[in-house]
Amino acid sequence: MTEIKEIGSLCSINDYGYIMNQSDPKKINDQYEEVIRHITETCLSALPKDIHSIYLRGSVPKGEDIEGVSDLDVIVVTCSDPQDMNLDWVEEIEQLVNQKYRFINGVEVGFSPLNEFEDTKHCSMIPFILKTYGICVYGENLIGHLPDYKPDSSLANEHLIHFASFIDRANQDLNGNDDEEDIKDCCSWIMKILVRAGLALVIVQEQAYTRDLFPAYQLFSKHYPEKEQEMRTALWFAINPSSSSEEILRFLDSFGRWMKTETEHWLDVYNPARKMHLPLQTV
């Protein structure tokens with residue numbers, strides 16, 4: 001059982017109000033070189049003609065990884081739509097890496113099509129992640145071609161526009177599920193979404209952003225002190241996922257339901273038309 005630790009930080013903001021990327025290849029711990037090479041070579045072998053570029057994001061390229069706690073997040077940009085590809089091999093390679101490299105707490109390989117990076121006028125989550133958290137480890141580096149991002153309503157919308165559907169999906173995945181590992185995976189996934197959505201609710205007021213869970217919980221609690229304990233529970237579940245679907249469903253039916261309502265109120269103010277992506281603010 002992992003105790004809640006006061007770790008993590010807010011993103012650095014430059015003089016123009018844009019979020020700065022603190023990742024750097026030089027900050028990566030040497031022990032990750034082999035696993036990064038392993039994943040890259042496996043992806044290239046499986047999709048020799050479809051890969052445009054490969055990126056790392058998260059704590060590892062920032063040099064803030066914690067042995068046995070941090071995971072390795074990989075984003076693969078493909079020339080064609082990943083939905084049209086056979087990606088059955090991905091889960092197997094994730095499991096093999098997890099077993100071989102015990103100093104990481106799992107690896108996640110995600111895929112995005114190259115055309116997702118063509119729109120530079122609107123905020124979109126994966127381009128945002130690459131611009132503000134990513135480094136390129138293979139292929140043509142897209143990061144320099146992406147727009148700058150501010151901690152504003154367009155970014156908050158990326159977390160909130162899909163929030164209700166994520167809660168509904170978690171409910172569906174948990175109902176009648178008796179696979180303990182699957183339940184724990186779902187619990188960690190939805191609780192991270194919940195904590196980051198809590199931050200998104202106050203991004204406009206704070207003009208601050210982070211993907212780190214503890215500072216996200218702190219900023220939410222500053223504005224919603226009456227909900228601090230419930231958000232702390234969500235944070236606890238994110239790092240200590242429950243294997244009880246009933247326990248998680250009860251929590252989602254109470255605090256999750258309240259968050260859905262609060263999210264709809266936010267959208268009524270900042271995105272009444274419920275657009276998927278809001279225009280980037282340049283002023």
Side-chain angles (χ1 to χ4, degrees), residues 2 5-47 51-78 90 93-94 96-112 114 116-117 120 123-151 155 158 192 196 199 208-216 239:
T2 304
K5 297 179 180 178
E6 298 184 10
I7 57 176
S9 59
L10 299 177
C11 291
S12 297
I13 308 294
N14 67 18
D15 293 340
Y16 300 98
Y18 293 112
I19 297 172
M20 299 171 62
N21 190 336
Q22 300 296 302
S23 299
D24 190 323
K26 297 177 182 178
K27 295 180 180 179
I28 298 177
N29 193 309
D30 291 343
Q31 66 181 343
Y32 288 95
E33 289 185 6
E34 182 181 344
V35 64
I36 293 169
R37 183 170 57 253
H38 185 170
I39 293 171
T40 300
E41 291 175 352
T42 301
C43 290
L44 291 172
S45 176
L47 302 170
I51 293 181
H52 174 273
S53 45
I54 301 176
Y55 303 82
L56 296 183
R57 67 178 179 95
S59 60
V60 172
K62 290 200 299 180
E64 298 176 353
D65 53 286
I66 300 173
E67 186 165 338
V69 175
S70 299
D71 55 5
L72 191 64
D73 292 310
V74 180
I75 297 176
V76 180
V77 177
T78 54
V90 176
I93 187 60
E94 289 178 342
L96 288 173
V97 168
N98 293 344
Q99 293 168 6
K100 184 175 182 180
Y101 303 98
R102 294 295 185 177
F103 56 87
I104 60 175
N105 184 28
V107 59
E108 180 178 341
V109 183
F111 295 81
S112 294
L114 183 59
E116 188 171 346
F117 301 86
T120 58
C123 190
S124 185
M125 183 53 69
I126 298 301
F128 164 78
I129 290 293
L130 292 195
K131 181 70 175 187
T132 56
Y133 281 89
I135 62 166
C136 183
V137 295
Y138 172 82
E140 180 186 350
N141 193 348
L142 293 170
I143 294 175
H145 303 288
L146 297 174
D148 293 319
Y149 298 87
K150 293 183 177 181
L155 177 54
E158 292 298 304
K192 289 177 182 177
R196 288 169 179 151
L199 167 68
Y209 184 78
T210 181
R211 292 189 64 77
D212 296 334
L213 298 180
F214 186 79
I239 59 178

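All figures in this text were calculated on a predicted structure; none of them were measured in a lab.
Between the side chain of Gln22 and the backbone N or O of Ser12 there is no donor-acceptor pair closer than 3.5 Å. Under a 3.5 Å cut-off, the side chain of Asn21 and the backbone N or O of Gly134 do form a donor-acceptor pair. Between the Arg196 side chain and the Arg211 main chain, a donor and an acceptor come within less than 3.5 Å of each other. A donor-acceptor pair under 3.5 Å is absent between the side-chain atoms of Asp73 and the main chain of Glu108, judged by distance alone. Under the 3.5 Å distance criterion, the side-chain polar atoms of Thr120 are left unmatched by any main-chain donor or acceptor of Pro147.
To the nearest 0.5 Å, atoms NE2 (His52) and SG (Cys136) are separated by 8.5 Å. The distance from atom SG of Cys11 to atom CE of Met20, rounded to the nearest 0.5 Å, is 10.5 Å.
Shortest non-hydrogen contact noted between Glu158 and Ser124 is OE1-CA, 3.5 Å. Summarising the geometry of Thr132 relative to Phe128, their closest heavy-atom pair is OG1-O, 2.7 Å, with the distance given to 0.1 Å. The shortest non-hydrogen separation linking Gly8 to Pro215 is C-CG, 3.9 Å. Here the shortest heavy-atom pairing between Leu199 and Ala208 reads CD1-O, 4.4 Å. Contact detail for Gly58 and Pro61: the closest heavy-atom pair is O-CD, 3.4 Å.
Using a 4.5 Å heavy-atom cutoff, the side chains of Val74 and Ile54 are in contact. Taking 4.5 Å as the limit, every side-chain heavy atom of Arg57 sits out of range of all side-chain heavy atoms of Ser23. Within the 4.5 Å cutoff, the side chain of Ser53 has no heavy atoms near those of the Asn141 side chain. Counting heavy atoms from C-beta outward, Val97 and Leu72 have side chains that stay 4.5 Å or more apart. By the 4.5 Å heavy-atom criterion applied to side chains, Cys43 and Leu47 are not counted as neighbours. The side-chain heavy atoms of Lys150 and Leu155, taken from C-beta on, include no pair separated by under 4.5 Å. Counting heavy atoms from C-beta on, the side chains of Ile75 and Tyr133 never come closer than 4.5 Å. Taking the side chain as every heavy atom from C-beta outward, Thr78 and Leu114 never approach each other to under 4.5 Å.
A side-chain contact (heavy atoms from CB on, under 4.5 Å) with Ile93 is found for exactly one of Thr42, Val107, Asn98, namely Thr42. When the options Leu142, Ile126, Val137, Ile129 are evaluated for a side-chain contact (heavy atoms from CB on, under 4.5 Å) with Tyr55, the one that passes is Leu142.
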Item to complete: Go through the steps for Ile51 and Val77 under the test side-chain contact (heavy atoms from CB on, under 4.5 Å), then give the verdict.
Response: CA-CA 6 Å; Ile51 293 181; Val77 177; over 6 Å; no
Practice prompt. Kindly determine whether Tyr149 and Lys131 satisfy side-chain contact (heavy atoms from CB on, under 4.5 Å), including the steps that lead there.
Written response: CA-CA 8 Å; Tyr149 298 87; Lys131 181 70 175 187; 3.7 Å; yes
Practice prompt. List the steps, then state whether side-chain contact (heavy atoms from CB on, under 4.5 Å) holds for Ile28 with Leu56.
Written response: CA-CA 10 Å; Ile28 298 177; Leu56 296 183; 4.0 Å; yes
Discussion item. As a quick check of understanding, evaluate side-chain contact (heavy atoms from CB on, under 4.5 Å) for Phe117 and Leu130, giving each step before the final call.
Written reply: CA-CA 10 Å; Phe117 301 86; Leu130 292 195; 3.5 Å; yes
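Residues Tyr32 and Tyr101 place their aromatic rings such that the two centres sit no closer than 6.0 Å.
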